[in-house]
Number of protein chains: 2
Amino acid sequence: MTTGGAPTVETIAERAGVSIASVSRVLNGHGGRPDTVTRVERAAAELGYVPNAVARSLKGGRSMQLTFAMQDIGNPVYVSMVREIQAITKAHGYRLLLHSTDAVVEDELAVLRSLADRTSDGLVICPLRITPEHLEALRTAAQPVVVIGSLPEDAPVDSVRADSVTGAEKAVRHLVETGRRRIAFVNGPADTVPGHNRQRGYRRALADCGLGLDPSLVATTDFTIEAGVRAVHELLEADPSVDAVFCANDQLALGAAQALHTRGRRIPEDVAVVGMDDTSLARASWPLLTSVDLGSAERGRIAAEMLLARITERDSSSRAPVRSETVTPRLVVRASSGPVRRGAEEETR
Amino acid sequence: MTTGGAPTVETIAERAGVSIASVSRVLNGHGGRPDTVTRVERAAAELGYVPNAVARSLKGGRSMQLTFAMQDIGNPVYVSMVREIQAITKAHGYRLLLHSTDAVVEDELAVLRSLADRTSDGLVICPLRITPEHLEALRTAAQPVVVIGSLPEDAPVDSVRADSVTGAEKAVRHLVETGRRRIAFVNGPADTVPGHNRQRGYRRALADCGLGLDPSLVATTDFTIEAGVRAVHELLEADPSVDAVFCANDQLALGAAQALHTRGRRIPEDVAVVGMDDTSLARASWPLLTSVDLGSAERGRIAAEMLLARITERDSSSRAPVRSETVTPRLVVRASSGPVRRGAEEETR
DNA sequence: TTGAAAGCGCTAACAC
DNA sequence: GTGTTAGCGCTTTCAA
């Protein structure tokens, strides 16, 4: 039936005077007599035919769509992941679906469950916390899932994690080595995986360096600029001897810098500031922010590749063991730390 | 057939001892005898049934997906749009597909054309430039499209635009009113729509205020932090009398602030800085950045609503005329401008 | 090489 | 209220 709607294989078939099977074959490059090929291709071009991807998905069982779920696209750390994942999925012919979960467990679980609706061929997810429900949902996921973040050893899911314990250690060591002794720590919620690990790294580094842990130098708040501002005001109010502030992410660090500026403390002469994630904010701050690159872009890339590998594997009956990669953190020293300022930007391993 | 695969209406029907039609009805809330309803619901729950959204899309002709295409998710102005669009589409039961076009015309056109593949029920797109090919593609788009940006009067597409001419005017006037006279302008590419309009606003405001246009105070570069740094160094090198820098977006403004800090110029005492877009960067900068809010979140919201309206309308045969809304810019005065510093943050209309 | 036909999973007429 | 059935647009056997 040649309705007024969009052209279908049938429309093309009529116009080219062949069967719909031939149309499909030609359009998918499965051969045909030169004559047939020409006629079909011309008919398709003339009608501006575009295959219905939904019908194709239903038939083929793959949607050619992948999903990325993160807490909030407003956090630049996710932006760099999205950018990377987007590039890779696009290169492989997949579209990218985006989900903001606001770290609401229910939303995260809903995303996991919705994998069963066949809309998406796989998922990359960044859960801030891991509950038993998460593990159960991961176990029973209807499509391949890759987690960006830390998972229990026996979780049956591929994952890429940042080594934020080591990352935090590097930051604190760097501060100690450059002469700081009263190193405050501004952390996000301690019941999140990142918050927990960054705290461990801070403690470990202090211990290794022979510095005691002073609980009054530790603030636990949210992962935002505003929280960073408040926390540093309070820390300095309580203890003016602070000579460095280590922040659990760049947003907190930007807030810290603002509070210090407001109080007339010079960075880094009076107080050094170090952030984490090495997001675009580090290069937006004044002075340029020293930050620990936890490999967000790389984690995004690896996650996307792991996911694509699982999807490919699905066709080939073999099943690789669960993979778990850890990205090595890298301290990027910039002007906000260090005893001397030697230039605009300097990077070390 | 009860295969080992995912449960389908047929699986449920068998288990509940009813027909697939009853299953469909119950699951879609189209009534049924209480007894039937119970049995179907229980069977569905026991099997963990999730409807195949692809099959549903094929049948219903709607994918319940919307697409957002922008230049680069790394620009915070798009982040706030995405966030808003995401929230609205989600509330209406739609998923959001993301596309980064890198402002490549070919990519933008490809997104437009791919609307014909039925994957998406509509598109919000932010083209930086509008070519004749764009207009043609918009005219022939297979699904509703809303453009965020300026379009010719007769373009047959809904659009939301920022009034960046007025926005730029407000910024420049504010600088003049607070006593600035040598107002430099750091712009993005002049052949983009935003670049063009912001330049018009700058010129108009100078003229209105009786200040002459000094071409040596205008720099044209890219919309990035690094470009802002370079441009301001060059401007000040050439003319140290500059007492204000108006930047065509916040990223340029952050760059400007860095260059000024590096050169030991105090902000705002020596040089005032004003940005545009009022992104999260404005609150990440030191001092807090005065910026013109061009309503990115609001444009996102309006665009999403316009799109949903068009989609709804498709069912109801009526066709509303093409809409074109303009969002009123709002100057948000913060510490980086103004003769006096009266607090951390102060907003005016 | 080609065409006829089955069927992916679902919804909605239509008949009972 | 319920079951039977057609069909959304496509790919892919299976025969010819």
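Here is the naming used below: chain letters follow the sequence lines, and residue numbers restart at 1 for every chain. Below, all heavy atoms of this structure are taken into account, side chains as well, without hydrogens, waters or symmetry copies.
- Across all their heavy atoms, A/M306 and A/S159 have their closest contact at CE-O, 3.5 Å.
- Out of D/dG9, D/dG3, D/dT12, the shortest distance to the side chain of A/A21 is found at D/dT12.
- Picking from C/dC10, D/dG9, D/dG3 the nucleotide with the shortest atom distance to the side chain of B/A55 gives C/dC10.
- In this structure, A/R56 atom CZ and D/dG9 atom P are separated by 14 Å, rounded to whole Å.
- A straight line from CZ of B/R33 to P of D/dG1 spans 9 Å, rounded to a whole angstrom.
- Nearest-nucleotide assignment on DNA chain C puts the 5′-proximal partner with A/S22, out of A/S22 and B/P7.
- Rounding to whole angstrom units, CD1 of residue B/I20 and P of C/dG7 are separated by 14 Å.
- In this structure, B/L58 places its CG atom 13 Å from P of C/dC8, rounding to the nearest Å.
- Residue-level contact check: B/V18 touches the backbone only, with heavy atoms under 4.0 Å from sugar-phosphate atoms and none from bases.
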Go through A/D121 and A/S63 one step at a time and tell me if the side-chain hydrogen bond (donor to acceptor under 3.5 Å, both in side chains) criterion holds. CA-CA 6 Å; A/D121 295 337; A/S63 64; 3.1 Å; yes
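- Rounded to whole angstrom, the span from the NZ atom of A/K59 across to the P atom of C/dA5 amounts to 16 Å.
- The minimum heavy-atom distance linking A/V327 with A/V160 is given by the pair CG2-CG1, 4.0 Å.
- What separates CG of B/N52 from C1' of C/dC8 is a distance of 8 Å, to the nearest Å.
- Toward the 5′ end of DNA chain D lies the nearest nucleotide of B/T36, the other residue of the pair B/T36 and A/H30 mapping further downstream.
- As rounded to whole Å, 13 Å separates atom C1' of D/dG1 from atom CZ of B/R39.
- Listed for the B/D158 side chain is a donor-acceptor partner under 3.5 Å among the backbone atoms of B/R323.
- Protein atom CZ of A/R62 is 15 Å distant from nucleotide atom C1' of C/dC8, rounded to whole Å.
- The side chain of B/N28 places an N or O atom within less than 4.0 Å of a non-bridging phosphate oxygen (OP1 or OP2) of C/dT11.
- Contact annotation: A/R25 does not reach the phosphate of D/dT11 (side-chain N/O to OP1 or OP2, under 4.0 Å).
- Side-chain N/O atoms of B/S24 include one lying less than 4.0 angstrom from OP1 or OP2 on C/dT11.
- At D/dG9, none of the side-chain N or O atoms of A/T8 fall inside 4.0 Å of OP1 or OP2 (strictly under the cut-off).
- Rounding to the nearest 0.5 angstrom, the gap separating the CZ atom in A/R301 from the CE atom in A/M81 is 12.5 Å.
- Taking 4.0 angstrom as the limit, A/Y49 places a side-chain polar atom (N or O) nearer than this to OP1 or OP2 of D/dC10.
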